[in-house]
Amino acid sequence: MTVRKAKGGAYMHKFLRAVGFSDISKEEMTELIEKIVEHPTTEKISRDSEGNDFAEITKEFGEMFGISLRGTYNEENVFEMEYYYPFFCGREISTTEIADVEKHAEKESYAGVCDEVRIGVTLIFYLQNVVDYLAVRGDKAYRNQQQGIILGALSTEGKILLPINKTEHRQAQPLENGMDRNRLIAAARDGDEDAIENLTLEDIDTYSLLSRRITHEDILSIVDSYVMPYGIESDQYSVLGEIMDCRKCQNELTGENVYVMDILCNDIYFGLCMNEKDLVGVPEVGRRFKGNIWMQGSINYKD
C-alpha cells in the first residue's frame with residue numbers, strides 16, 4: 001500500500017510537539033506519514049458524507065497518544081490523505097451527557113457538542129472516533145446508542161500550581177454545593193422561575209464574597225478550578241484543575257518525554273498530554289495544572 005501526499009505536502013500541526021514531535025521537519029513529517037500508512041496501529045473504514053470510503057489510520061507512539069491520518073481510498077486502492085492530527089485518548093468516561101455531532105465546513109472532520117452543567121459553558125470537543133460515528137449515524141436513534149464521552153486534551157503551554165490548603169469540611173463543601181447548583185441549573189433549563197431566581201441570588205452573593213476576598217488574597221487561592229473558552233477556536237479552552245494522576249512517558253520514535261495527566265476540573269475528569277519542554281514546574285498528584293488545551297474526545301457507542 002502506498003500513500004499520496006496531501007495537496008501542498010505535509011503541513012506542521014501546532015500540537016505535534018504535545019505528543020513528542022517538537023523538532024520534526026516537513027520532510028521528516030512526509031516520511032513519517034508514509035510509515036504510518038505502511039505500519040498502522042489501527043485502521044477503520046466507513047462511508048463519509050459524500051458516499052466515499054473514508055479511512056482513519058492511527059499510529060500510537062506512546063501511552064494512548066500518537067498521530068491519526070484521515071482520507072479516502074481511490075479506485076486503485078491507494079490511500080489519499082486529506083489531513084492528519086495528533087491525538088491523545090483519555091482513560092475513563094468524562095460525562096454521560098448526550099452529545100450532538102456537527103461536521104466542520106472545510107473538511108471531513110467533526111465536533112462534538114455537549115451541554116454539561118458542571119462546566120458552566122457548552123462543551124465542544126474535536127471528535128476522535130469519526131468512523132464509529134459515520135457507522136451509526138444512519139440510524140435515526142443513534143443518539144440513544146451513546147454510552148458516555150471520553151475526553152482527552154493536548155497542550156503546548158502550561159504551569160504547575162500548588163494546591164489550596166483545605167480542611168476536610170472545605171473539601172466536602174464544594175461537592176455538596178456543586179450538586180445543589182447542578183440541580184438548580186437543570187431546573188432552570190426547564191423554565192423553573194424559582195430556580196432561575198435562586199441562581200441569580202447565588203451569583204450576586206458569590207460576586208460580593210469574591211470582591212471582599214480579592215482585596216487581600218491572590219485569585220488563584222480563591223478559585224480552585226475553572227474552564228473558559230480560549231481564542232477563536234471553539235474546542236480550545238483555558239483550564240485550571242487538580243492533578244489526580246501523573247505519569248512521565250516517552251515518544252517511542254523521538255525519545256522526547258511527555259507528561260500524561262488525569263485532571264479533575266469543575267468535577268469533570270479528562271486526560272491531558274503535553275511535552276515536558278512546555279510545562280513549567282513539576283507535576284504531582286494534588287497539585288494543579290493551569291494552561292491552555294485543545295479538547296478532543298470520543299463518544300462510546302453500543303456495539
*Intermediate values then yes/no, ring pair (Phe, Tyr, Trp, His ring centres under 6.0 Å), Y85 and Y126*: CA-CA 10 Å; Y85 72 97; Y126 192 85; 5.1 Å; yes

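- Heavy-atom minimum distance, P163 versus R288: CA-NE, 4.1 Å.
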*Test side chain to side chain contact (heavy atoms under 4.5 Å, CB included) on M29 and L16 and set out the steps.*
CA-CA 10 Å; M29 190 65 220; L16 271 175; 3.9 Å; yes

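- Interatomic distance, Q146 CD to E97 CD, rounded to the nearest 0.5 Å: 10.5 Å.
- The side-chain contact (heavy atoms from CB on, under 4.5 Å) test with M261 singles out one residue from P283, C273, S155, and that residue is P283.
- In this structure, V131 and E56 have side chains that are in contact, with non-hydrogen atoms separated by less than 4.5 Å.
- Considering all non-hydrogen atoms of both residues, E63 and F88 come closest at O-CE1, 3.7 Å.
- N251 pairs by the side chain to side chain contact (heavy atoms under 4.5 Å, CB included) definition with F21, F61, F65, L253, T254, not counting sequence neighbours.
- Between the side chain of Y84 and the backbone N or O of H13 there is at least one donor-acceptor pair closer than 3.5 Å.
- Contact detail for F125 and V113: the closest heavy-atom pair is CE2-N, 4.4 Å.
- Environment of CD in E28: crowded, with over 12 heavy atoms of neighbouring residues, nucleotides or ligands closer than 6.0 Å.
- To the nearest 0.5 Å, atom OG of residue S68 and atom CD of residue Q128 are 8.5 Å apart.
- Residues I222 and L220 fall within the same hydrophobic cluster, defined by Ile, Leu, Val, Met, Phe, Trp and Tyr side chains chained together at heavy-atom separations under 4.5 Å.
- Note on I164: it does not cluster hydrophobically with M244, by side-chain heavy-atom contacts below 4.5 Å among ILVMFWY residues.
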_Verdict with reasoning, D262 to I243, per side chain to side chain contact (heavy atoms under 4.5 Å, CB included)_ = CA-CA 6 Å; D262 292 334; I243 300 172; over 6 Å; no

_For a side-chain hydrogen bond (donor to acceptor under 3.5 Å, both in side chains) check, start with the C-alpha distance between E256 and S22, then their side-chain angles and the critical distance, and finish with the verdict._
CA-CA 8 Å; E256 293 187 24; S22 63; 2.8 Å; yes

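- At a threshold of 4.5 Å between non-hydrogen side-chain atoms, the residues I45 and F54 do not count as touching.
- The line from OG1 of T42 to CD1 of I57 is 9.0 Å long, rounded to the nearest 0.5 Å.
- Contact of the S225 side chain with the L264 side chain is not registered, since no non-hydrogen atoms from C-beta on lie closer than 4.5 Å.
- Hydrophobic clustering keeps Y259 apart from V285 (ILVMFWY residues linked when any side-chain heavy atoms are closer than 4.5 Å, directly or through intermediates).
- Atom CG of L162 is separated from atom OG of S221 by 11.5 Å, given to the nearest 0.5 angstrom.
- By the 4.0 Å N-to-carboxylate-O rule, E38 lies too far from K35 to be salt-bridged with it.
- In this structure, L154 and Q296 have side chains that are in contact, with non-hydrogen atoms separated by less than 4.5 Å.
- Under the 4.5 Å side-chain heavy-atom criterion for grouping Ile, Leu, Val, Met, Phe, Trp and Tyr, M64 is not connected to Y269 through any hydrophobic cluster.
- At a threshold of 4.5 Å between non-hydrogen side-chain atoms, the residues S238 and Y226 count as touching.
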*asked:* Could you go through D53 and T72, starting from their C-alpha distance and side-chain angles, then the distance that decides it, and tell me whether this counts as side chain to side chain contact (heavy atoms under 4.5 Å, CB included)?
replied: CA-CA 6 Å; D53 284 335; T72 58; 5.8 Å; no

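- From I293, atom CD1 reaches atom CD1 of I263 across 9.0 Å, with rounding to the nearest 0.5 Å.
- Between the side chains of N257 and E276, at least one donor N or O sits under 3.5 Å from an acceptor N or O.
- Looking at N300, its side chain never comes within 3.5 Å of a backbone N or O of I150 through a donor-acceptor pair.
- Of all the heavy atoms in V19 and V258, the pair that sits closest is C-CG1, 4.0 Å.
- With salt bridges taken as basic N to acidic carboxylate O contacts below 4.0 Å, one links D245 and R91.
- Taking a 6.0 Å sphere around NZ of K277, one finds it holds more than 12 heavy atoms contributed by other residues, nucleotides or ligands.
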_Walk me through whether V227 and L240 qualify under side chain to side chain contact (heavy atoms under 4.5 Å, CB included)._
CA-CA 7 Å; V227 179; L240 171 64; over 6 Å; no

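- Checked by atom type and distance alone, the side chain of N129 never pairs as donor or acceptor with a backbone atom of D132 at under 3.5 Å.
- A side-chain donor-acceptor contact under 3.5 Å links S94 to the backbone of L151.
- Between the side chain of R287 and the backbone N or O of V282 there is at least one donor-acceptor pair closer than 3.5 Å.
- No donor-acceptor contact under 3.5 angstrom links the side chains of T58 and T41, judged on distance only.
- Although no hydrogens or angles enter the test, the distance criterion places a donor-acceptor pair under 3.5 Å between the side chain of T30 and the main chain of K26.
- Counting all heavy atoms, side chain and backbone alike, Y83 lies closest to E108 at OH-O, 2.9 Å.
- Residues H104 and A111 come closest through the heavy atom pair NE2-CB, 3.6 Å.
- Atom CE of M274 sits about 7.0 Å away from atom OG1 of T156, to the nearest 0.5 Å.
- Within the 4.5 Å cutoff, the side chain of E34 has no heavy atoms near those of the V37 side chain.
- A salt bridge between R70 and E82 is absent, with no side-chain N of the basic residue lying under 4.0 Å from a carboxylate O of the acidic one.
- Residues passing the salt bridge (Lys or Arg N to Asp or Glu O under 4.0 Å) test with E60, sequence neighbours excluded: none.
- Residues I98 and V101 fall into different hydrophobic clusters, defined by Ile, Leu, Val, Met, Phe, Trp and Tyr side chains chained together at heavy-atom separations under 4.5 Å.
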Side-chain donor-acceptor pairs of residues 228-236 under 3.5 Å, sequence neighbours excluded:
from: Y230; atom 1: OH; to: N292; atom 2: ND2; distance (Å): 3.4
from: D235; atom 1: OD2; to: W294; atom 2: NE1; distance (Å): 3.1

